[in-house]
Amino acid sequence: MRRVAVLISGRGTNLERIVAEVRDGCLSGVCAVVVVVSNRPEAGGLEVARRAGIPTRVVPSSGLDGEAYGRRLLEALGPWKLDAVVLAGFMRVLSAEVVERFRNRIVNIHPADTAEYQGMDGYGWAFERGLSETKVTVHLVDEGVDTGRVLAQETVSLQGATTLDDVRRRGLDVEHDLYSRALRRWFENEGRSWDASTGGRAPCAES
Ligand code: GAR
């Protein structure tokens, strides 16, 4: 079973769905969420983790530049012998050092087509343009902002959506369905090559 850290900044609805799928859904027997890390102490997702009995860590990011924050994050992640890091509404750009430590093992969900729009508030971007559809994207994280290899993508119909809340609700429904399925496929397909390259050891066993 793959050992996964989930990184959050907010309410944690994607985390909640992943935890449910690990408990008795498509991620059951595939991975375990061994720790949830938030950069914000008030993130609602921390409570989701606590209710599920998953250890939590808060690594505050305010006032720290990317490099300094990356070092703190690596200290917090070090002890967990992680196979992968899953970003679920994590609103900090990871430093090059973090990306390098977990090269090709960090995955993110982005509320837009990463080829069309990168950065914050993808649903606001779609709503302002009056798009009749948008996409959500699951992708690997590299040194850029939403530039990593796409693992999965799904269309969100925005026909008849009249408010930003409506757009967000529709998008999140699609995200929740897509993320766990994409993670499962990723672990099945790419996990084998990880085993070949590391002899089955997690890449971050030593902190
Ligand atoms: C989701 O819409 C996710 O795609 C987005 O934050 C929201 C988190 O919701 N992520 C990003 O914008 C990353 N740049 P959640 O906390 O309810 O899962």
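Start at 1 with the first residue, then count along the sequence.
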Exercise. Flag yes if Val58 and Val33 sit in one hydrophobic cluster, no otherwise; membership is Ile, Leu, Val, Met, Phe, Trp, Tyr, and two members link when side-chain heavy atoms are under 4.5 Å apart.
Key: yes

Quiz item: What heavy-atom pair brings Ser38 and Leu46 nearest, and what distance separates the two atoms?
Solution: CB-CD2, 3.8 Å

Self-check item: Shortest non-hydrogen contact from Leu178 toward Ala152
Solution: CD1-CB, 4.0 Å

Quiz item: Is Thr137 reaching over with its side chain to a backbone N or O of Ala112, donor-acceptor style, under 3.5 angstrom?
Solution: yes

Quiz item: Can you hop from Val34 to Phe102 via hydrophobic side chains spaced under 4.5 Å?
Solution: yes

Quiz item: Between Arg149 and Glu190, does at least one N-O distance fall below 4.0 Å, as a salt bridge requires?
Solution: yes

Quiz prompt | Interatomic spacing from OH in Tyr123 to CD in Glu175 - rounded to 0.5 Å | solution = 3.5 Å

Exercise. Report yes if the side chains of Arg11 and Leu172 come closer than 4.5 Å at any heavy-atom pair, otherwise no.
Key: yes

Quiz item: Within a strict 4.5 Å, meaning less than it, do heavy atoms of the Leu7 and Leu73 side chains meet?
Solution: yes

Self-check item: Tyr179 six-ring face occupied by Arg17 cation (under 6.0 Å, within 45°)
Solution: no

Quiz item: Got a donor-acceptor contact below 3.5 angstrom from the His139 side chain to the Gln153 backbone?
Solution: no

Quiz prompt | Donor-acceptor pair, side chain of Tyr69 and main chain of Val59, under 3.5 angstrom | solution = yes

Quiz item: For the atom pair CG (Leu87) and NE2 (His110), what is the distance rounded to the nearest 0.5 Å?
Solution: 12.5 Å

Quiz item: Rounded to the nearest 0.5 Å, how far apart are CD1 of Ile18 and CZ of Arg23?
Solution: 13.0 Å

Exercise. Identify whether Val174 and Leu164 are in the same connected component of the hydrophobic contact network (ILVMFWY, side-chain heavy atoms under 4.5 Å).
Key: yes

Quiz prompt | Shortest non-hydrogen contact from Gly66 toward Ser95 | solution = O-CB, 3.5 Å

Self-check item: Smallest separation among heavy atoms of Val167 and Phe127, with atom names
Solution: CG2-CD1, 3.8 Å

Quiz item: Is the backbone of Met91 close enough, under 3.5 Å, to the side chain of Ser9 for a donor and an acceptor to pair up by distance?
Solution: yes

Quiz item: Does a side-chain heavy-atom distance below 4.5 Å link Trp186 with Leu140?
Solution: yes

Quiz item: What is the distance from atom CZ of Arg72 to atom CG of Leu64, rounded to the nearest 0.5 Å?
Solution: 5.0 Å

Quiz item: Pick one: which of Leu74, Leu94, Ile106, Leu77 meets side chain to side chain contact (heavy atoms under 4.5 Å, CB included) with Arg101?
Solution: Leu74

Quiz item: Does Arg105 reach the main-chain N or O of Leu82 with its side chain, forming a donor-acceptor pair under 3.5 Å?
Solution: no

Quiz prompt | Atom pair CD (Glu21) and CG (Asp24), whose distance is rounded to the nearest 0.5 Å | solution = 8.0 Å

Exercise. Evaluate the criterion side chain to side chain contact (heavy atoms under 4.5 Å, CB included) for residue pair Asp121 and Arg168; output intermediate values, then yes/no.
Key: CA-CA 10 Å; Asp121 196 19; Arg168 287 208 174 103; 3.5 Å; yes

Self-check item: Of all pairs that satisfy salt bridge (Lys or Arg N to Asp or Glu O under 4.0 Å), the ones with a partner from residues 37-64, not counting sequence neighbours
Solution: Glu16-Arg51, Arg40-Glu42, Glu47-Arg50

Quiz item: How long is the span from the CG atom in Asn39 to the CD1 atom in Ile8, to the nearest 0.5 Å?
Solution: 8.5 Å

Quiz item: What are the two closest heavy atoms between Ala88 and Val6, and how far apart are they?
Solution: CB-CG1, 3.9 Å

Practice problem: Please assess Arg184 against Glu188 for the test salt bridge (charged side-chain N to carboxylate O under 4.0 Å, His left out), listing each intermediate value before the final yes or no. | Solution: CA-CA 6 Å; Arg184 184 193 169 109; Glu188 284 176 351; 2.9 Å; yes

Quiz item: Does CZ belonging to Arg103 count more than 12 external heavy atoms closer than 6.0 Å?
Solution: yes

Exercise. Report yes or no: does Asp83 contribute a side-chain atom to a donor-acceptor pair with the main-chain N or O of Arg3 at less than 3.5 Å?
Key: yes

Practice problem: Under the salt bridge (charged side-chain N to carboxylate O under 4.0 Å, His left out) rule, what do Arg181 and Glu154 come out as? Steps first, then yes or no, please. | Solution: CA-CA 11 Å; Arg181 282 190 286 115; Glu154 197 81 65; 3.4 Å; yes

Quiz item: Is any side-chain heavy atom of Leu131 closer than 4.5 Å to a side-chain heavy atom of Trp125?
Solution: yes

Quiz prompt | ring-ring contact (aromatic ring centres under 6.0 Å, His included) against Phe187, all qualifying residues, sequence neighbours excluded | solution = none

Quiz prompt | Derivation of the salt bridge (charged side-chain N to carboxylate O under 4.0 Å, His left out) call for Arg170 and Asp173 | solution = CA-CA 5 Å; Arg170 291 187 193 199; Asp173 277 352; over 6 Å; no

Quiz item: Taking all atoms of both residues into account, what is the closest heavy-atom pair of Cys31 and Val4, and its distance?
Solution: CB-CG2, 3.9 Å

